[in-house]
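Any value given below was found using the heavy atoms of this structure, including those in side chains, with hydrogens, waters and symmetry copies removed. Predicted model, so just to flag it, every value in this text is computed and none were measured.
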Protein chains: 2
Amino acid sequence: MAEAAQGAAPRTSGSVPRASGSSPRARVRDAERTRGELLAVAIDEFTRHGLAGARVDEIAARTRTTKRMIYYYFGSKEGLYTAALEEVYAGIRAYERSLDLTGLEPAAALRELAGSSFDYHVAHPELARLVGQENLMGAVYLHGSERQAHLNRPILAIITDLLERGRAAGVVRRPVSAIEVHLFISSWVLFQVVNVSTIRATFGYDMTDDAVRARHRELIGDALLDWLGGGG
Amino acid sequence: MAEAAQGAAPRTSGSVPRASGSSPRARVRDAERTRGELLAVAIDEFTRHGLAGARVDEIAARTRTTKRMIYYYFGSKEGLYTAALEEVYAGIRAYERSLDLTGLEPAAALRELAGSSFDYHVAHPELARLVGQENLMGAVYLHGSERQAHLNRPILAIITDLLERGRAAGVVRRPVSAIEVHLFISSWVLFQVVNVSTIRATFGYDMTDDAVRARHRELIGDALLDWLGGGG
DNA sequence: CCAGCAACGTACCAACCAGTGAGTTGCGGG
DNA sequence: CCCGCAACTCACTGGTTGGTACGTTGCTGG
């Protein structure tokens, strides 16, 4: 539930030889697991309450360790927050790396690009929410930990390639840059996750409904293709 | 700077008869002004730090009154937050009421709808940021104060009318609902305001740049028309 | 087998911070 | 002119919260 977004993260050391004989209880002292558990709960608490609103005591209480361990492993509340942020960002970068659209026709590939991004964010809402928190704070923590991260964000290269192929095939005619396409998709997709509450409060419209979700997933694909196909 | 979004709010009682004779100093005790000043600073602080992160002492310090007055006028920190939220929402409702697109052709009107929404949000970023805060908290405060507010949000009626006219004129062919159009525009426009920091941090792309802003303003108009004109 | 260190727990603290008790002062109505 | 109340000030508090001093335990390499 409060699981961290992960592409192929190691997780709770799975193949650790357990103490010979006695109880089947794994290990009493497992640094990997303690750290991971802390991180998972932290991600959940920080997305729910923000950096200022989250309580260190509460995070610790939801773990099978103590508050002291947070300071042992992460140094401070902010250190834990930064680690949570990095964990979540690692997840989306793994997703982006795993994207392979080379087997699809340009139009289908663009549709799939939008659709799979939609799916990823719906499946991992903690990313969008943490991004929201970061933005409201001016992204100081992200700035401190992502320094040159845009160098290895593969998404722009993928989109650039798709736009080229799309132009050759005639389905892309509008002069747009890769980042504009990325922002176009991101804005819609983040909105789906982040703005659920206010949209329900102000319009009584439930964006978590399955039918609505399915329709909104189609919508971004349609809009993307129509937009790219227009102009020129 | 930290001014509240307002359509035609009264503001610092302008025509109060000043104390006969003596100094030109307005009034030492002005409930209207004190309350307004508190609200304006509160909006700024809450958008910047969130409900949990904002400090009551800090808000008071930036005013020419004391903390005690916050409790005198708003009862609690949450009361102040709710008041700030209502103030900001009153602003966008006033904007929506002031929208008059009846003189424009459907296509131009749709473009104007998106463009003016873009402009409003860029000019009043505190709305988008407070909405962001609300969403991260589950919109409990909005829920408590907007109860049946969707009844008098005129935006959906405006869009419904535009879609009908657009269909008659042949520029709208895709089967969409008014709320879908609203969300389509809102997602892009909120993104412009809210995600400035993370986009800069992860892509080194400055969404506050004038040229970028102008292009993004065009973009949503293009995308909207292409999307609505497609399908069928 | 045991020394030593990583991993963990307990108890505690000082600063912070939302909220308040108890007054004082200016001003408008009579 | 002055009464009464709205508007305002000041000093204070107690619960909360991030952070830590210090002691303990289990694991592992030699």
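- At whole-Å resolution of the value, CG in B/Leu80 and P in C/dG19 are 10 Å apart.
- Using a distance-only test at 3.5 Å, with no hydrogens or angles considered, a donor-acceptor pair links the side chain of A/Glu134 to the main chain of A/Leu142.
- Taking atom CZ on B/Phe74 and atom P on C/dA18, their separation rounds to 16 Å, with Å as the unit.
- Contact between A/His216 and A/Trp188 at its shortest, heavy atoms only, is O-NE1, 3.1 Å.
- A donor-acceptor distance shorter than 3.5 angstrom exists from the side chain of B/Thr160 to the backbone of B/Leu156, with no hydrogens or angles considered.
- Here the nucleotide nearest the side chain of A/Ser76, chosen from D/dG19, D/dG18, C/dC17, is D/dG19.
- Backbone-only engagement by B/Ala54 is indicated by non-hydrogen atom pairs under 4.0 Å involving sugar-phosphate atoms exclusively.
- Ring centers of B/His124 and B/Tyr95: at least 6.0 Å apart, outside the cut-off.
- Rounded to a whole Å, the CZ atom of A/Arg55 is 11 Å from the C1' atom of C/dC16.
- Listed by chain and residue number, nothing satisfies the salt bridge (charged side-chain N to carboxylate O under 4.0 Å, His left out) test with B/Glu112 (two or more places apart in sequence, or in another chain).
- Within the structure, every side-chain polar atom (N or O) of A/Tyr71 is placed at least 4.0 Å from both OP1 and OP2 of D/dT20.
- Of the inter-residue distances, the one linking B/Thr34 atom OG1 with B/Leu39 atom CG reads 11.5 Å to the nearest 0.5 angstrom.
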Are any protein N/O atoms closer than 3.5 Å to N/O atoms in nucleotides 8-12 of chain D? If there are, list each pair with its distance.
residue: D/dC8; atom: OP1; partner: B/Asp30; partner atom: N; Å: 3.0
residue: D/dC8; atom: OP1; partner: B/Thr34; partner atom: OG1; Å: 3.0
residue: D/dC8; atom: OP2; partner: B/Thr34; partner atom: OG1; Å: 3.4
residue: D/dC8; atom: OP2; partner: B/Tyr73; partner atom: OH; Å: 2.7

